[in-house]
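Chain letters run A, B, ... following the sequence lines, proteins first and then strands; every chain starts at 1.
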Amino acid sequence: MTEHKPRLRFAPSPTGFMHIGGYRTLLFSWLYARHTGGSFILRIEDTDVARTVEGAIEVMLDGMRWLGMDYDEGPIIGGQYGPYYQTQRKALYQEYAHQLIESGHAYRCYCTSERLEQMRNAQAAQKLPPRYDRHCRYLTDEERDANEAAGLKWVVRFAMPLEGETVVHDEIHGDITFKNSDIDDAVIVKSDGFALYHLAHIVDDHLMGITHVLRGDDWISSAPRHVQIYNALGWEIPLFYHVPNVLGKDKKKLSKRHNAPSWVELKEKGFLPEAVFNFLALIGWAYDDKTELFTREELIRVFTLDHIGAAGGIYDQDKLLWMNGVYIRQLSLEDLVERALPYMERPEAEGGLPDSVGRSLDRQYTSSVLHLEHERLKTLGEAAEVVSFFFVDELHYETAMLVQKGMDIGRTHAGLVRARDLLNSLEEWRHEVMEPPMRELAAELGLKPGQLFGAIRVAISGRTATPPLFETMEVLGRERSMARIEQAIERSA
RNA sequence: GCCUCGUUCGUCUAGUGGCCAAGGACGCCGCCCUUUCAAGGCGGAGAUCACGGGUUCGACUCCCGUACGAGGUACCA
């Protein structure tokens, strides 16, 4: 019944940790599958055993989970088109490789890597494009038998048509035409018997009934080879969408070493997955000329493939930061506390509160602290730093910070003394109660509110920027606030 | 080198022949609000739509070329 529904796949290879650009392409496929009610399949392209990195798949799957993307068929959960690891499909590829050889579309190549290297060097010297010279394509039966008898190792190469053109129909770029003579005979099965991407993904996509292939546009150059293989096998070609890659600030393809964060880093910095999800959807895709804040459900509803652009987009962390702030502000206070707590409670070295602060944090108190900081936060990760003065016993600041613009140490001291006395005389420790008389005091002292309040702000927090002063003091508590003002009075004496 | 793709404000982008002397957002600047910092409101700078030719009554939108950028050119994906 889902037979004619779209089936999309994402096929990562576990050769490293996938960066955020990979998730963007994954997101597009996932969104479209969900938009159409089709299926989303995950397939692990692990044929390059030598480069496989331990744990890469798990981290990748965790990233999907973090971002809120599920899949209908794939590793762990399986599915009716499995297995979903290419290393477990080896026999399948060999079968089709054999079929291609039988039909004359592929051949065994016995060239050694030494010979190939020599050949390429010679081509480079003559400024020719490096291309396999098809030496083994034209071996006689006798030569072939001799090679086999000698037990030479071989690979399978796909025999590209020598003449003519291949047109790749791409839903984003339109038709792209290649001269067949520009494309050499690629290896499709290695000497260890494993198929390469060029063969494996075609066999899999076909057998798994994939209807839409979304992949990075760096695949365009090998796409003509793929259509030829589809043709040779007599299979229907899925719709191709070569989506633009996400670029780094230097406009180069993202690479983990270089300029791309992994989802783990984003999580550690305290970006919300829903913000990252929203942000990612907007690189290379746009709904209209103004809407850019979307919930997951909205995105699923409005996401279509025809709005994907053709040009590569740069990953702009500043905008992500802004969007994350928007999402944080939309959180209820309870949610904020719930989600910020783990960040605040991690070790100081990892960005948490100073280790001197006992864990676990008092929820009620943290909640009132976060209430004040809510609209000021851009990431969950920065919470600890910004609110630490609420939790710490000792404040560290330069005495000079107490002195506000247009003030001197003497007047500051005097102001603090008068403020202390006034505050001490208050019946209630609520900001509405503190503020009016404090304003009067400032006026009486001939000071601007900021001059008096600024000094107190530094006294109670050790900082020049905090949430509104009296609310801060209310949360900090009477004891602690007065003790800190007292200290400031001593320091400024 | 060869092949291919791409090119609208610094960045993400809207724009599918007239609605565009190009709209939104981030960032930046200024003003307002204001006890600081944010948030919010208002305003501003910022793109001769890479350049040059066509096609057309009319082009950011179609075609060709050039430049620049990127990708590919592996028994990697």
Side-chain angles (χ1 to χ4, degrees), chain A residues 11-16 45-48 50-51 109 111-113 116 120 123-124 126-132 153-157 168 170 172-173 176-179 182-184 186-192 194 196-198 200-201 215-224 242 244-245 247 249 251-253 279 282-293 306-307 309-323 325-326 329 373-378 386 404 435 438-439 442 448-458 461 463-470 472:
Chain A
S13 73
T15 52
E45 312 223 316
D46 53 355
T47 52
D48 191 352
R51 290 202 312 158
C109 170
C111 292
T112 61
S113 44
L116 294 175
R120 279 193 275 265
Q123 286 165 338
Q126 292 176 71
K127 300 208 165 201
L128 290 169
R131 268 203 282 269
Y132 178 56
K153 285 194 155 240
W154 48 267
V155 301
V156 179
R157 286 185 185 270
V168 175
D170 181 278
I172 293 173
H173 299 271
I176 307 170
T177 305
F178 295 82
K179 279 206 282 291
D182 284 330
I183 300 160
D184 67 358
V187 174
I188 54 176
V189 176
K190 292 188 275 188
S191 51
D192 64 7
F194 275 109
L196 275 98
Y197 176 82
H198 298 306
H201 91 276
R215 62 198 336 185
D217 63 8
D218 43 341
W219 284 109
I220 290 178
S221 49
S222 38
H242 287 99
N245 273 299
L247 278 17
K249 279 241 185 298
K251 298 196 182 228
K252 289 205 186 351
K253 198 162 88 152
F279 176 73
L282 261 20
I283 304 179
W285 178 88
Y287 175 63
D288 62 11
D289 60 341
K290 27 189 73 91
T291 323
E292 48 187 4
L293 260 13
D306 57 336
H307 277 68
I314 291 172
Y315 167 79
D316 178 10
Q317 186 132 349
D318 281 343
K319 187 154 185 174
L320 208 208
L321 209 47
W322 161 78
M323 193 174 276
V326 172
R329 271 172 256 132
E373 213 64 58
H374 200 157
E375 67 182 16
R376 271 158 265 261
L377 288 176
K378 288 250 194 305
V386 144
Q404 301 300 297
E435 184 163 345
M438 286 297 284
R439 280 189 186 281
K448 285 193 256 181
Q451 291 179 304
L452 211 217
F453 300 173
I456 302 172
R457 166 173 290 108
V458 172
S461 71
R463 314 204 173 194
T464 53
T466 70
L469 180 62
F470 301 110
T472 301

Review point. Is the shortest side-chain N/O distance from R463(A) to OP1 or OP2 of U36(B) below 4.0 Å?
Key: no

Check your understanding: Taking D184(A) for the side chain and Y132(A) for the main chain, is one N or O donor matched with an acceptor at less than 3.5 Å?
Key -> yes

Exercise for review: Have a look at P468(A) and say if it touches a base, only the backbone sugar-phosphate, or nothing, with a 4.0 Å heavy-atom cut-off.
Suggested key: base

Check your understanding: To the nearest Å, how far apart are L469(A) CG and U34(B) P?
Key -> 17 Å

Revision key, fill the gap. Re A47(B): Watson-Crick or G-U wobble partner, both distances kept under 3.5 Å, found to be none

Point to revise | For U61(B), the Watson-Crick or wobble partner whose two distances fall under 3.5 Å | key: none

Revision key, fill the gap. Atom CD of E373(A) and atom P of C37(B) are separated, to the nearest Å, by 14 Å

Review point. Please give, in whole Å, the distance from C75(B) P to F194(A) CZ?
Key: 17 Å

Check your understanding: Taking the P atom of each, how far is U56(B) from A21(B), in whole Å?
Key -> 23 Å

Revision key, fill the gap. Between V168(A) and P224(A), the two heavy atoms sitting closest are CG2-N, 3.6 Å

Study note, to complete from the structure: Across all chains, not counting sequence neighbours, the side chain to side chain donor-acceptor pair (under 3.5 Å) partners of D318(A) are none

**Study point:** Pairwise C1' distance for A45(B) and G1(B), with rounding to whole Å
**Key:** 44 Å

Point to revise | Set of residues satisfying ring pair (Phe, Tyr, Trp, His ring centres under 6.0 Å) with respect to F194(A), sequence neighbours excluded | key: none

Check your understanding: Does U7(B) have a Watson-Crick or wobble partner in any strand here, with both distances under 3.5 angstrom, and which is it?
Key -> A67(B)

Check your understanding: Touch check for V155(A), heavy atoms < 4.0 angstrom, all strands: base, sugar-phosphate only, or nothing?
Key -> base

Revision key, fill the gap. Any strand, both distances under 3.5 Å, Watson-Crick or G-U wobble: A22(B) pairs with none

Exercise for review: By nearest nucleotide on RNA chain B, pick out whichever of I283(A) and L116(A) is the more 5' one.
Suggested key: I283(A)

Practice item. Let me know the distance between CG of L282(A) and P of U11(B), rounded to the nearest Å. Key: 17 Å

**Study point:** G1(B) - base-pair partner by Watson-Crick or wobble geometry, distances under 3.5 Å
**Key:** U73(B)

Check your understanding: What's the shortest heavy-atom distance between A223(A) and R215(A), and which atoms?
Key -> CB-NH1, 4.3 Å

Review point. Rounded to whole angstrom units, what separation is found between the CD1 atom of I188(A) and the C1' atom of A74(B)?
Key: 15 Å

Check your understanding: How about S222(A) and Y197(A): do any of their side-chain heavy atoms sit closer than 4.5 Å?
Key -> no

**Study point:** Pairing nucleotide - G30(B), Watson-Crick or G-U, each distance under 3.5 Å
**Key:** C42(B)

Point to revise | Heavy-atom side-chain proximity of M438(A) to L469(A) below 4.5 angstrom | key: no

Check your understanding: Which whole-number value in Å describes the distance from H307(A) NE2 to C12(B) C1'?
Key -> 16 Å

Practice item. For C26(B) versus G40(B), give the span between their P atoms, rounded off to a whole number of Å. Key: 8 Å

Check your understanding: Which part of the nucleic acid, if any, lies within contact of G325(A), taking any heavy atom under 4.0 Å across all strands shown: a base, the sugar-phosphate backbone alone, or nothing?
Key -> nothing

Exercise for review: Please figure out whether W219(A) or A286(A) has its closest RNA chain B nucleotide nearer the 5' end.
Suggested key: A286(A)

**Study point:** C1' atoms of A67(B) and G52(B), separation to the nearest Å
**Key:** 10 Å

Practice item. Just compare G1(B), A77(B), U13(B) and give me whichever is closest to any side-chain atom of P129(A). Key: G1(B)

Practice item. For G41(B) and G24(B), measure between their P atoms and round to the nearest Å. Key: 15 Å

Check your understanding: When all nucleic acid strands are considered with a 4.0 Å heavy-atom cut-off, which category describes P244(A): base, sugar-phosphate, or nothing?
Key -> nothing

Point to revise | Set of salt bridge (charged side-chain N to carboxylate O under 4.0 Å, His left out) partners for R329(A), sequence neighbours left out | key: none

Check your understanding: Is there a donor on the side chain of S191(A) or the base of C75(B) sitting less than 3.5 Å from an acceptor on the other?
Key -> yes

Review point. OP1, OP2 of C3(B) versus side-chain N and O of R131(A): anything below 4.0 Å?
Key: no

Point to revise | NZ/NE/NH1/NH2 to OD/OE distance under 4.0 Å, D48(A) and R51(A) | key: yes

**Study point:** Atom P, compared across A70(B) and G27(B): separation rounded to whole Å
**Key:** 28 Å

Check your understanding: Which class fits the ring pair H198(A) and W219(A): parallel under 30°, tilted 30 to 60°, perpendicular over 60°?
Key -> perpendicular

**Study point:** C1' spacing across the pair C64(B) / C57(B), given as an integer number of angstrom
**Key:** 22 Å

**Study point:** Minimum-distance nucleotide to R376(A) side chain [options: C12(B), A77(B), C37(B)]
**Key:** C37(B)

Check your understanding: Expressed in whole Å, how much space separates the C1' atoms belonging to G46(B) and A22(B)?
Key -> 13 Å

Check your understanding: Do the non-hydrogen side-chain atoms of D218(A) and N245(A) ever get within less than 4.5 Å of each other?
Key -> yes

Review point. What does U55(B) pair with, Watson-Crick or G-U, if both distances are under 3.5 Å?
Key: none

**Study point:** Nearest-nucleotide pick for D218(A), side chain only, options being C37(B), C12(B), A77(B)
**Key:** A77(B)

Check your understanding: Contact class for G454(A) (heavy atom, under 4.0 Å): base, sugar-phosphate, or nothing?
Key -> nothing

Practice item. Check whether any side-chain nitrogen or oxygen of R215(A) sits under 4.0 Å from OP1 or OP2 of A77(B), and answer yes or no. Key: no

Exercise for review: List the protein contact pattern of nucleotides 24-32 of chain B with one symbol per nucleotide (5' to 3'): B for base contact, S for sugar-phosphate-only contact, - for none; contact means a heavy-atom distance under 4.0 Å.
Suggested key: BBSS-----

Point to revise | With H173(A) via ring pair (Phe, Tyr, Trp, His ring centres under 6.0 Å) - residues at least two apart | key: none

Review point. Has K190(A) got more than 12 heavy atoms of other residues, nucleotides or ligands less than 6.0 Å from its NZ?
Key: yes

Exercise for review: Starting from P on G71(B), measure out to CD1 on I183(A) and report it in whole angstrom.
Suggested key: 20 Å

Check your understanding: Across all strands, who's sitting opposite A14(B) as a Watson-Crick or G-U wobble pair, both distances under 3.5 Å?
Key -> none

Check your understanding: Q126(A) CD to G1(B) P: how many Å, rounded?
Key -> 17 Å

Check your understanding: Reading nucleotides 4-9 of chain B 5' to 3', which nucleotides get B (base under 4.0 Å from a protein heavy atom), which S (sugar-phosphate only), which -?
Key -> SSSS--

